[in-house]
Protein chains: 2
Amino acid sequence: MMDQPKKQPTMMDVARLAGVSTMTVSRALKPNTSVGEKTRQKIQDAAEQLGYVLNSNAASFASHKTGFVAVTIPSINNANFAETLTGLSEGLNNTGLQILLGYTNYSKQEEERLIEQFLQRRPEAIVVTGGSHTDRCRKLLENSGVPVIEMWDQPKSPIDESIGFSNADAAALMVDHFVEQGYERIGFIGGDASRDTRGLDRRRGFVARLEALGLESHRLVSAGSPPVTIREGMDSLVKMLDTWPDTQAVMCVSDLSAFGAISYCIRNGIRVPDDIAIAGFGAYDISEVSNPTITTVDVSAQAIGLAVAQQVSNRLSVQQGNPVKIAAPTILARESTQKSVQ
Amino acid sequence: MMDQPKKQPTMMDVARLAGVSTMTVSRALKPNTSVGEKTRQKIQDAAEQLGYVLNSNAASFASHKTGFVAVTIPSINNANFAETLTGLSEGLNNTGLQILLGYTNYSKQEEERLIEQFLQRRPEAIVVTGGSHTDRCRKLLENSGVPVIEMWDQPKSPIDESIGFSNADAAALMVDHFVEQGYERIGFIGGDASRDTRGLDRRRGFVARLEALGLESHRLVSAGSPPVTIREGMDSLVKMLDTWPDTQAVMCVSDLSAFGAISYCIRNGIRVPDDIAIAGFGAYDISEVSNPTITTVDVSAQAIGLAVAQQVSNRLSVQQGNPVKIAAPTILARESTQKSVQ
DNA sequence: TTGAAAGCGTTACCAA
DNA sequence: TTGGTAACGCTTTCAA
């Protein structure tokens with residue numbers, strides 16, 4: 001399988017066999033081009049016979065159109081980002097655009113490295129996660145000469161365009177939900193590590209909202225660097241209860257850590273939400289099926305991907321499209337925070 | 001940001017500014033090339049000054065080396081495949097190889113379409129999931145002229161090379177585990193849909209092992225097309241208990257459906273494993289943290305990705321490497337099937 | 001509707 | 001260590 005004896009056929013071979021010029025072959029292999037019906041058939045037969053496969057590398061080179069969309073996300077192994085990628089991928093289907101995927105492992109340095117690498121491939125658009133980059137990376141993106149979309153965030157001064165939501169505002173929603181449910185001594189787990197920019201934003205928004213409402217805002221527990229795991233959720237809850245045993249409600253930086261926190265409670269006879277209410281973020285599958293089900297913030301991860309795809313298509317005029325909108329984050333109120341419905 | 005006034009500089013611009021030929025520039029920008037120290041510095045300065053970015057598209061074209069590795073997986077939104085992809089991606093880091101990712105949505109037709117598309121990009125290696133393809137797809141892969149690796153399976157006649165495990169054998173392990181625990185009336189959920197080739201293999205191996213041991217092997221419940229969800233796990237268990245109420249143990253085609261089945265039990269007062277034992281497949285995170293924890297089959301998803309990356313590197317001589325091995329699947333015996341440890 | 005010629009930006013190859 | 005020249009396989013552009 002490894003080596004093939006003779007080289008692969010080129011357009012010239014097809015042209016020769018079909019008795020036409022390479023230009024005609026080039027046209028015949030693309031839709032919406034003016035080529036005689038007979039000629040086209042002749043060419044397709046010749047191509048088939050030779051087992052010809054278009055070299056889109058050469059095509060890109062000649063046309064200055066690579067059909068690449070560079071995309072960086074923090075991690076593939078995270079349901080939220082996987083959903084966004086799924087949406088992006090589906091949305092780009094049938095546009096002829098190909099994603100160049102890189103994952104940053106939540107590191108801005110790594111993002112910079114990836115962008116630098118991707119730029120060499122001459123992508124026609126660049127999609128990055130978040131609005132926080134190294135200076136050099138920002139400069140590279142600004143000078144790229146192609147559309148740049150920052151997703152999963154709403155930066156104050158976007159590089160070019162952003163499709164996402166304010167993590168701070170989204171977390172503030174949960175404060176309101178807690179208050180509505182009658183909780184007052186409220187804590188937050190995670191969002192401490194400098195690498196976790198979105199987590200940081202969430203905690204910041206959470207604290208700001210607590211302060212705005214005149215509530216205590218010091219019940220903050222570190223959960224370490226992203227990705228924050230289920231185990232870290234457990235450990236953090238222990239710390240929370242050790243330090244502030246009278247805490248009534250806790251928001252975790254993600255559903256995974258919330259699930260961990262709840263698991264700890266269940267296994268140790270602490271009732272959720274009767275003894276303590278626990279909420280998450282991200283509307284992961286697990287929030288819907290854990291016992292109790294977990295109150296969370298739905299950020300429509302897949303819709304973000306679809307919207308980005310749509311907007312990329314618009315910008316590249318690959319296809320027409322309506323102005324792109326995504327739904328604002330919403331609270332999914334479930335068992336883990338609502339005594340009444342329990 | 002969208003349009004840049006002047007064209008991007010080329011190697012010729014750099015060469016001119018540095019007072020050398022393009023060939024020297026080409027060499028100076030790559031490691032391990034014989035270029036004078038002063039010359040190299042001069043060139044790097046010139047490149048920096050012009051903001052030159054290598055056009056690796058043109059480079060690919062000229063050198064016939066694209067640096068692409070085409071990869072198809074059924075779904076990104078599946079922890080197992082995401083892990084494999086993570087391993088693959090990490091393993092390919094620093095090789096200069098770039099993954100072209102496509103997901104088939106568990107469809108062989110879609111796989112064929114993707115492969116056809118990828119072939120145009122002239123990848124240097126192709127990685128596909130599973131050993132079952134359309135005839136045309138198989139032919140395309142055979143004629144690709146590059147290394148082809150089928151992962152997550154052990155096909156009888158691989159196209160080129162395979163890195164994975166036998167899904168049938170892996171499932172058979174669970175029969176043995178059940179029997180060791182004293183269960184005799186054993187069922188299987190999922191693996192029914194023709195699209196789910198790996199699920200099918202698992203069920204087949206499961207049934208074969210039951211028969212080999214002289215046990216009943218008719219307790220099979222459909223769970224629908226992949227991806228099999230938590231909800232489908234719940235529904236399938238209901239069917240299982242309706243049809244064969246005396247079932248003692250059930251293996252689900254994946255941990256997700258196992259979790260669903262267990263959730264149904266917990267919420268309906270059926271004790272796991274005291275009333276019924278339930279096992280999954282895949283060693284998803286959830287199997288470790290659900291309550292009870294779920295007995296599952298660990299297939300080292302990430303290790304598969306790493307091994308594939310290693311083997312791709314070997315085949316392309318990007319770097320030296322030891323012969324590639326992955327661990328055989330193993331049973332992770334946990335609470336959901338073991339009365340004794342409960 | 002078709003064709004001819006001129007690139008596209010880099011690397012391979014050989015020579016100096 | 002460096003440079004000159006010829007590809008690489010398409011598409012663009014203009015002309016027929």
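Atom set for the values below is all heavy atoms of this structure, side chains included, hydrogens, waters and symmetry mates excluded. The chains referred to below are lettered A, B, ... by the order of the sequence lines, with proteins before strands, and numbering in each begins at 1. What you see is a predicted model; the values in this text were computed from it and never measured.
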Give me, pair by pair, the N or O atoms of the protein and of nucleotides 10-14 of chain C that are less than 3.5 Å apart, along with how far apart they are.
| unit_1 | atom_1 | unit_2 | atom_2 | d |
| --- | --- | --- | --- | --- |
| C/dT10 | OP1 | B/Tyr52 | OH | 2.3 |
| C/dT10 | OP1 | B/Asn55 | N | 3.4 |
| C/dT10 | OP2 | B/Met11 | N | 2.5 |
| C/dT11 | OP1 | B/Lys30 | NZ | 3.0 |
| C/dT11 | OP2 | B/Ser26 | OG | 2.1 |

Examine the side chains of A/Thr24 and A/Ser21 and answer whether a donor and an acceptor come within less than 3.5 Å of each other.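 A pair is found: one side chain offers a donor N or O, the other an acceptor, under 3.5 Å apart.
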
Taking 5' to 3' order, which nucleotide of DNA chain D is first and which is last to have an atom within less than 4.0 Å of a heavy atom in chain B?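 So the contact region on DNA chain D extends D/dT1 to D/dG9.
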
Give the rounded distance in Å between these two atoms: NZ of B/Lys7 and C1' of C/dG7.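 Nearest whole value for this atom pair: 10 Å.
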
A/Ile163 pairs by side chain to side chain contact (heavy atoms under 4.5 Å, CB included) with which of A/Val308, A/Leu306, A/Val127?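 The side chain to side chain contact (heavy atoms under 4.5 Å, CB included) with A/Ile163 is passed solely by A/Val308 among A/Val308, A/Leu306, A/Val127.
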
Only one of A/Ile43, A/Asp45, A/Val25, A/Leu50 passes side chain to side chain contact (heavy atoms under 4.5 Å, CB included) with A/Leu17; say which it is.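 With A/Leu17 as partner, A/Ile43, A/Asp45, A/Val25, A/Leu50 yield a single side chain to side chain contact (heavy atoms under 4.5 Å, CB included), made by A/Leu50.
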
Please say whether more than 12 non-hydrogen atoms of neighbouring residues, nucleotides or ligands are located less than 6.0 Å from NZ in B/Lys30.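 Enclosed: over 12 neighbouring heavy atoms sit under 6.0 Å from NZ of B/Lys30.
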
Donor-acceptor pair, distance only, cut-off 3.5 Å: does the side chain of A/Glu161 make one with the backbone of A/Ile149?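 No, A/Glu161 side chain to A/Ile149 backbone: no donor-acceptor pair under 3.5 Å.
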
With distance as the sole test, does A/Glu111 use its side chain to make a donor-acceptor pair with the main-chain N or O of A/His133 at under 3.5 Å?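 A pair under 3.5 Å: no.
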
With sequence neighbours left out, write down each residue that passes side chain to side chain contact (heavy atoms under 4.5 Å, CB included) with A/Leu114, or none if nothing qualifies.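 For A/Leu114 the side chain to side chain contact (heavy atoms under 4.5 Å, CB included) partners, ignoring immediate neighbours, are A/Thr72, A/Thr104, A/Glu110, A/Phe118.
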
What's the separation between atom CG in A/Asn57 and atom CZ in B/Arg121, rounded to the nearest 0.5 Å?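 Reported to 0.5 Å precision, the distance equals 8.0 Å.
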
